[in-house]
Amino acid sequence: QVQLVESGGGSVQAGGSLRLSCIVSGYTGSSSFRGWFRQAPGKEREGVAAMRTSGGDTSYADSVKGRFTISQDNGKNMVYLQMHSLKPEDTAMYYCAVGGRPWAPPLFPSEYNSWGQGTQVTVSS
C-alpha cells in the first residue's frame, strides 16, 4: 500500500513562494509518474506538474509554466513542488499523487491511483 503525505502549504501574499513536499512510502510498483494536482472549491481537479519516476520528462500546466518546478530526491522517497510568483488563482488544495502507465497523459488525474490527503495553499492579493 502506497502512503503519501504532503506538507508545506500555507498562506502567502501574491508574488510570494512556497515549496510543497510529499513523502512517498510503501510499494509503488510500476507507477511511471509522480504528480501534483490541485482543486479549488467548486472546480474540477487539475494537473499542475508531473515527472517520470525514472527522471526527466517533466510536464506542466500552461498556467504554471515558468513559475512552478517539480522535482524528487535521488532516493525517490520525496517529491517537491517549488512555487514562485504565486497568484490568487493558485489558491487550492494541492495533492501529491503516484501512478500512471508508461505512455499515459501525465497531467490527467484519472491516470493516478494513489493520493495524499492534500495541503492547502492560499494566496492573497
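This structure is a prediction, so every number in the text was calculated from the model and none was measured.
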With a 3.5 Å cut-off and sequence neighbours excluded, list the donor-acceptor pairs that the side chains of residues 81-88 form with protein atoms.
unit_1: Gln82; atom_1: NE2; unit_2: Leu18; atom_2: O; d: 3.3
unit_1: His84; atom_1: ND1; unit_2: Ser17; atom_2: OG; d: 2.8

Practice prompt. Only counting residues at least two apart or in another chain, list the ones meeting side chain to side chain donor-acceptor pair (under 3.5 Å) with Arg67.
Written response: Asp90

Discussion item. So, using side chain to side chain donor-acceptor pair (under 3.5 Å) as the criterion, who are the partners of Ser114 when residues are at least two apart?
Written reply: none

Item to complete: Please name all residues satisfying side-chain contact (heavy atoms from CB on, under 4.5 Å) with Thr58, sequence neighbours left out, ordered by chain then number.
Response: Met51, Tyr60, Ile70

Which atoms form the tightest heavy-atom contact between [X] and [Y], and what is the distance?
| X | Y | result |
| --- | --- | --- |
| Ala92 | Ala40 | CB-N, 3.9 Å |
| Val123 | Thr91 | N-OG1, 2.9 Å |
| Val64 | Val48 | CG2-O, 3.6 Å |

Sequence neighbours left out, what pairs pass disulfide bond (SG atoms under 2.5 Å apart) with at least one residue falling in [range]?
| range | result |
| --- | --- |
| residues 26-91 | none |
| residues 26-77 | none |
| residues 19-83 | Cys22-Cys96 |

Item to complete: Quick one: which residue pairs count as a side chain to side chain donor-acceptor pair (under 3.5 Å) with a foot in residues 43-52, not counting sequence neighbours?
Response: Arg38-Glu46, Gln39-Arg45, Arg52-Asp57

Response to the item:
The complete set of salt bridge (Lys or Arg N to Asp or Glu O under 4.0 Å) pairs with one or both residues in residues 92-115, sequence neighbours excluded, reads Arg101-Glu111

Fill in: Residue pairs passing the salt bridge (Lys or Arg N to Asp or Glu O under 4.0 Å) test where at least one lies in residues 14-36, sequence neighbours excluded
none

Worksheet item: Is there side-chain contact between Val98 and Leu4, with heavy atoms separated by less than 4.5 Å?
Response: yes

Discussion item. Any non-hydrogen side-chain atom of Leu107 less than 4.5 Å from a side-chain atom of Ser59?
Written reply: yes

Worksheet entry | Spacing of Gln3 atom CD and Gln117 atom CD [to the nearest 0.5 Å] | 9.0 Å

Worksheet item: Tracing side-chain links under 4.5 Å among I, L, V, M, F, W and Y, which residues wind up in one group with Met78?
Response: Ile23, Tyr80

Discussion item. Under the rule for ring pair (Phe, Tyr, Trp, His ring centres under 6.0 Å), what residues qualify as partners of Phe37, not counting sequence neighbours?
Written reply: Tyr112, Trp115

